[in-house]
Number of protein chains: 2
Amino acid sequence: MSMTARDTRGVVMFDVAKLAGVSQKTVSRVVNGAPHVRPEIRERVMAAVSELGYRPNVAARALVTQRTHVIGLLAVGTLLYGPAHRVFTLEQAARELGYELALASLPDISSDSFHHGIQSLLTRGVEGIILEVPTHLTDVDDATFGGLPVVTSIGKIPGVTHQTVINSNQREAGRLATQHLLDLGHETVFHVAGPLEWDVSQHRRDGWADTLAAAGRPVPPELLGDWSARSGYEAGRELAERDDVTAVFAANDHQAMGVMRAMAEAGRSIPADVSVVGFDDVPEAEFQMVPLTTVRTDSYSSSRRVLSELVALIEHGESTSEGIDVACELVVRRSTGRPPPHRRD
Amino acid sequence: MSMTARDTRGVVMFDVAKLAGVSQKTVSRVVNGAPHVRPEIRERVMAAVSELGYRPNVAARALVTQRTHVIGLLAVGTLLYGPAHRVFTLEQAARELGYELALASLPDISSDSFHHGIQSLLTRGVEGIILEVPTHLTDVDDATFGGLPVVTSIGKIPGVTHQTVINSNQREAGRLATQHLLDLGHETVFHVAGPLEWDVSQHRRDGWADTLAAAGRPVPPELLGDWSARSGYEAGRELAERDDVTAVFAANDHQAMGVMRAMAEAGRSIPADVSVVGFDDVPEAEFQMVPLTTVRTDSYSSSRRVLSELVALIEHGESTSEGIDVACELVVRRSTGRPPPHRRD
DNA sequence: TTGTGAGGAGCGAAGACCACT
DNA sequence: TAGTGGTCTTCGCTCCTCACA
């Protein structure tokens, strides 16, 4: 008589022990790969485990070991390419290190939902927290995170001790994009920023502004987008009205697409009349009707760094390194070129 | 003397009880909103809870209640727009119903990683499973899922009893797209399908083929993509070589973008020479240099349906409904138009 | 002695049951 | 008798202690 599926639920260690003719403790040893078990007995136990379809109860284990092996991720804007991509690479990195990810995606950028999210993670028993939210939300102290280690790629959080900051070099990335356009001969570069509540927006913008300033060029006021192609389109329409716009750096690829669309609609051709640079290198950027020049960051290795930092903090209570820099790279395609030869003064 | 952050970890119900001057059981009642507690005592307990920063231990609770309130999601291709979007809408829907999502994203479409994923979910103590993977992987029976309820939008799984199938109408969607192109006067429609291991690819393709057949039109062999813009581009280059191609239906928007790129490169203009329809209505589809005509499905309501089905199965052991249809809608933009007037025979 | 196994306590919370009003 | 609150047991597992080769 074989077990039915339903029965499987109720199989506990004791049942396995009984079937294998050993003590429950021995089963525990086998299941956890502990030493001091004769190979013969080990096999007998394993056989009983698979015969009964035994599966250890994580709740019971967590209760006694005081460990959950769960890492909390607090994120915003998970419907956007960047954040979504980040979630999945982090999830994969977590799995590789023997942890699971508990996701709390905030519905909006408010202090309320931030604290809600944190509470929810703490309640779920996470052992560490990854913060992928704007720092300005984090008017907090150690108590907010229940003393857990915190890792973030968005900048140092004042008042929190157990934290590591991964510098993903957004500023440098903004510099790369801008310098590329200047090198092509553009007088200056216009910028369609992301929402300024996001730290990355600020960093990319700062990189842009710094580069222009360093080159002694005028720094035009930036336009603001919300990461969407629509917002890029709207900004693009404004820019298309001015005939001194020959180069635009958008804070992400989707905004850049919107800019390109607006330019096309206004009869400005890309890159002959206007050059456009994006950010993210989304997979389809290369296959736009005008392939998009963009900046790519190594998000995989960044995620892996973030996670190994956090795991080190959790398991040894110490950080393996201080600031960590992640590489970024300019990918030049067809949407950028020399400025048009004839320009009014 | 206030508690430090670290101490917060060790606060248990008994501590709260002591501080409030009641029994542990009473604290339990208050925390769980159980009746038979005087308002006065309730408040006293609440005060103690927040003073100590008490937070219930999920593991202990799960152990005794035999409930985890966790739903498992098995998904593939989570880096793609469609699946990623689905994960986040499902996660939100789960939260709304008081559950959490445990995500297992498969690294590849193999039977091995499928079973690994399932095992991982079962070990995590999920109470139900959402399957977002190709059905052909599921050569399984009830035992595979530990007798847990299963919900899927990809089609009925043979051999599994506790399941509900949400029909997301992919076939109808393929029909919509194809009929739109025929209505515009195109002789026939070419198709760049997704990987045929994915059920949705098959359904969309079937909808396309059926429509052509029903209209008595030739059904050209479909080209195969892998969901990426690159694969769309490659298919597009093949199509661009033929001068009888005036209409293309791509199985997703990114493939459609690749097709458009290839056409542009070959000097075929859109929609004057070639019409292109995509699928998904990704947010940037509207803001492509030629805004993309596409098919949109209501993924939010679909996710909500999937989840409420599963929760009903978990909590009452029964399905609230049989097959469920989810709406889809054609969004006509600029990438489709009448076929070019002059065509060779 | 040193491996190898068994027995018992306890993790934190909830439910059955009992004891007061 | 109802409403309130407390006591004791239990969930499944791991660790500590101890017994046996």
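The chains referred to below are lettered A, B, ... by the order of the sequence lines, with proteins before strands, and numbering in each begins at 1.
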Do B:Gln24 and C:dA13 have a side chain to base donor-acceptor pair shorter than 3.5 Å? yes
Measure from the side-chain heavy atoms of B:Asn32 and tell me the nearest of C:dA14, C:dG5, D:dT4. C:dA14
Whole-Å distance, B:Glu40 CD to D:dG5 C1', equals 13 Å
Selected nucleotide, minimal atom distance to B:Thr26 side chain, candidates D:dT4, D:dG12, D:dG5: D:dG5
Does the distance from a Lys or Arg side-chain N to an Asp or Glu carboxylate O, for A:Glu309 and A:Arg305, drop under 4.0 Å? no
Identify whether any heavy atom of A:Val31 sits under 4.0 Å from a base atom; if not, whether one sits that close to sugar-phosphate; answer base, sugar-phosphate or nothing. nothing
Using a 4.0 Å heavy-atom cut-off, does B:Val27 contact any base of the nucleic acid, only the sugar-phosphate backbone, or nothing at all? nothing
Are any of the side-chain nitrogens in A:Arg86 or A:Glu132 under 4.0 Å away from the carboxylate oxygens of its partner? yes
For B:Pro35, which contact category applies under a 4.0 Å heavy-atom criterion: base, sugar-phosphate, or nothing? nothing
Looking at D:dC13, D:dT10, D:dG5, which one has an atom nearest to any side-chain atom of B:Val64? D:dT10
Can you work out whether A:Arg29 or B:Gly21 has the more 5'-proximal nearest nucleotide on DNA chain D? B:Gly21
Between the side-chain atoms of B:Lys25 and the base atoms of C:dG15, is any donor-acceptor pair under 3.5 Å? yes
